Number of protein chains: 2
Amino acid sequence: MVAPPPPRVRRSAGDRRAQLVAIGLELLPATPVQELTIDEVARRAGISRSLLFHYFASKRDYYTAVTRAAADVLLEHLSPRPGVPADEQAAGMLERYVGWVETYRDAHLSFVRGAAAGDPWVAEVYEETREQLVDLTLGALGLPDDPRRRQLVRAWFAFTEDLVDQWVREPTLDRAELVALLRTFLDRLLV
Amino acid sequence: MVAPPPPRVRRSAGDRRAQLVAIGLELLPATPVQELTIDEVARRAGISRSLLFHYFASKRDYYTAVTRAAADVLLEHLSPRPGVPADEQAAGMLERYVGWVETYRDAHLSFVRGAAAGDPWVAEVYEETREQLVDLTLGALGLPDDPRRRQLVRAWFAFTEDLVDQWVREPTLDRAELVALLRTFLDRLLV
DNA sequence: CGCTCGTGTTGAGCACTGCTCAACAGCCGT
DNA sequence: ACGGCTGTTGAGCAGTGCTCAACACGAGCG
C-alpha cells in the first residue's frame, strides 16, 4: 500500500522556473545553503533532479537566482513610496525595514547575511543589493554620493541589521526609540 | 617515476590534533567551508581521511574546533595589555583591531562573519566570541553592562567590522580619523 | 486521421565527499 | 621476546551534484 505517484504535470518553461524559484524562497530562510539539497527541491516540485538542472546549470546557479529574487522582494518593499514628501522618505524606509524584520525574524539574517556565506557568486549578489540600498538611502536623504559617504552608509546598514535583529529578540527600547536612534546615528554620520 | 610516498610519521595525539587545527587555520581564511574538503586537509597533513575522523567526530566538529582556535587568537590579540592606564585600553584595542584587519585583509571577514555561515554550530562559536568581545570592550571602558548597552556594543561591532573592512580596500580617511570616528561613535552610543 | 517535430521530462549512472569499520603497525613496559 | 595499547590505514557504503541519451506528449502539417 503505497501512496500513488502524483500525476505528472507538464508546465511551460517560464512557469517551471518560477515555481522552482518560489520553492527556493520558501526554503532559503529555514535552511542553510549546504543543507539545501537539489533532491529536496525537486521532490517538492514533484519533478526529477535532472529537470532542475535543465533550468539551472548548477546548484550555485539555482541558488543565486533564488537569492536575487529574495533581494528583489526586499528592495521593492523598501523602495520609496510615490506621493510621500521627500523629507519623510527616509523615516518611512526605516519603519518599513523594522517591520520587515519583525515579520521575518529568523529569516532576516539568512536573507541578508547568511546568503553571502561560502559562495563568492552569491556574495556578489548581496554586494549588488547593498549598493542599491545605499543608492536608495542617499536618494531618500537627498545627499550626493561620494565614496566616503557610501562607506559610512554601508557600515550603518551593518549596524542597523545587527541592532534590529537583536532588538526583535529582546526589545530593550521602544520601537519608536529604536527608529529614532537609528535615524539620529545616520544623520550624525553623514554631516 | 612517481614521487616516493612520504615517510609515515607517528605523532602523539596532542601533536596531531594541533597540527590538524593549524592546517585548518591556514586554509580557513582562503576557502569557503563547503569547499574545504576533509581529503585536502588529510592530504596536507600527510595522513588518511580516516585518521582525521579519529580525532574529530565529523567535519562540523573539526570546523568548529578550527573556528574556535581562530577566535582565541583574535581575542588574545585584542585583550587588554597589562600596565596600560585604564582610560587608554579602549584606544589600544581599536588600534590593534585595525592593525589586525590590515594584516589579514581578505581573511578578516571570513574569520569573523563567514564562519557563521550555514552551520548553526559554528554560528554559536561566533556568538560566544562576540559576547566575549563585548565583555572586553565594556571592561576597557569601565562601564557596567546592562542588556541595552550590550546590544549597542554588539551592533557597533558590526558597524566597525564592516567599515574597517571597506576602509582597508579603499581608504577614504586617514587611519587616525578612522579610529577617532569609531571611538566617537561608540562613546555617543553609550552615553 | 496519422505522422513528425519540438520541447518538457525522466532514469540510469559517474565522480566525489563525508563517514564507518575492521584490521594493521609500531612503541611501551614487563 | 612478547602482549597490549594506541596511532594509523584501506576498503567500502551512502548521499549529493551533475551528465547524457532516451522518452512522452502536445502542436502543427499533409
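Numbered from 1 within each chain, the chains take letters A, B, ... in sequence-line order. The structure presented is a predicted model; accordingly, all values stated were derived computationally and were not measured.
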Measure the distance from [atom1] on [X] to [atom2] on [N] and round it to the nearest whole Å.
| X | N | atom1 | atom2 | value |
| --- | --- | --- | --- | --- |
| A:Asp15 | C:dT7 | CG | C1' | 15 Å |
| B:Lys59 | C:dC16 | NZ | C1' | 12 Å |
| A:Arg11 | D:dG26 | CZ | P | 16 Å |
| B:Ile47 | C:dA25 | CD1 | C1' | 16 Å |
| B:Asp39 | C:dG18 | CG | P | 7 Å |
| B:Arg17 | D:dT6 | CZ | P | 16 Å |
| B:Arg49 | C:dG18 | CZ | C1' | 9 Å |
| B:Glu40 | C:dT17 | CD | P | 10 Å |

Base, sugar-phosphate or nothing for [X]? Non-hydrogen atoms, less than 4.0 Å.
| X | answer |
| --- | --- |
| B:Thr37 | sugar-phosphate |
| A:Leu52 | nothing |
| B:Tyr55 | sugar-phosphate |
| B:Leu51 | base |

Exercise for the section: Quick one: sort the B:Trp100 and B:His77 rings into parallel, tilted or perpendicular, breaks at 30° and 60°. Expected result: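 Ring orientation of B:Trp100 relative to B:His77: tilted.
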Exercise for the section: Look at the side chain of A:Ser50 and the base of C:dG11, then say whether one donor and one acceptor between them are separated by less than 3.5 Å. Expected result: yes
Problem - From D:dC18, D:dG7, C:dT10, nucleotide with atom closest to B:His54 side chain - result: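 Nearest listed nucleotide: D:dG7.
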Practice task
Can you figure out which of D:dC18, C:dT10, C:dC19 approaches the side chain of A:Phe53 most closely?
Solution key: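 Output: D:dC18.
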Handout entry: Lys/Arg N to Asp/Glu carboxylate O, A:Asp165 vs A:Arg169, below 4.0 Å
Key = yes
Practice task
Could you tell me whether the side chain of A:Tyr126 and the main chain of A:Thr67 form a donor-acceptor pair under 3.5 Å?
Solution key: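 Pair absent, no side-chain N/O of A:Tyr126 close to backbone of A:Thr67.
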Handout entry: Minimum-distance pair of heavy atoms, taken over all atoms of B:Trp167 and B:Val98
Key =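 For B:Trp167 versus B:Val98, the nearest heavy atoms are CZ3-CG1, 4.0 Å.
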Problem - side-chain N/O A:Arg16 vs C:dT9 OP1/OP2, d < 4.0 Å - result: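 Looking at the OP1 and OP2 atoms of C:dT9, one of them is under 4.0 Å from a side-chain N or O of A:Arg16.
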Practice task
Please state whether the phosphate of D:dG17, meaning OP1 or OP2, lies under 4.0 angstrom from any side-chain nitrogen or oxygen of A:Tyr62.
Solution key: no
Practice task
With sequence neighbours excluded, tell me which residues meet side chain to side chain donor-acceptor pair (under 3.5 Å) with B:Asp87.
Solution key: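 Per chain and number, B:Asp87 pairs via side chain to side chain donor-acceptor pair (under 3.5 Å) with no residue.
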